[in-house]
Amino acid sequence: PYTTLFRSLALILIVVIAAAGATIWVGWLLLVTLGISPLAGMAFAVPTALIAYFIVRVIAERLSNKEDDHYDGIEK
């Protein structure tokens, strides 16, 4: 029972650390790009925002899909 809990907590910790690192990295790249040229900054910011929006929409769809909940009640 503890190994499953430990694995879940470890996975959550890894995902949170990776997300924080990616956020800092993308923010730093955006600041550097804006410092070079505002047009280059926008050329970097728009695709980054679209990718972030896509990721948020996929996660929201996975969490709100009632068809996926059907398999939670099936005995293994």
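Counting begins at 1 with the first residue of the sequence. Quantities reported herein were computed from a predicted structural model and do not represent experimental measurements.
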Name all residues meeting the side chain to side chain contact (heavy atoms under 4.5 Å, CB included) criterion together with V46; count only those two or more places apart in sequence or in a different chain, and write none if there are none.
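Result, side chain to side chain contact (heavy atoms under 4.5 Å, CB included) vs V46: M42, L50.
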Atom pairs and distances, side-chain donor-acceptor, residues 51-58, under 3.5 Å, sequence neighbours left out:
none

Taking the hydrophobic residues Ile, Leu, Val, Met, Phe, Trp and Tyr, and joining any pair whose side-chain heavy atoms are under 4.5 Å apart, which ones share a cluster with L34?
W25, V26, L29, L30, F44
Among Ile, Leu, Val, Met, Phe, Trp and Tyr joined by side-chain contacts under 4.5 Å, find the other residues sharing a cluster with I17 and list them by chain and number.
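I17 shares its hydrophobic cluster with L13.
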Hey, what do you get for OG1 (T33) to CG (L39), rounding to the nearest 0.5 Å?
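Going from the OG1 atom of T33 to the CG atom of L39 covers 11.5 Å.
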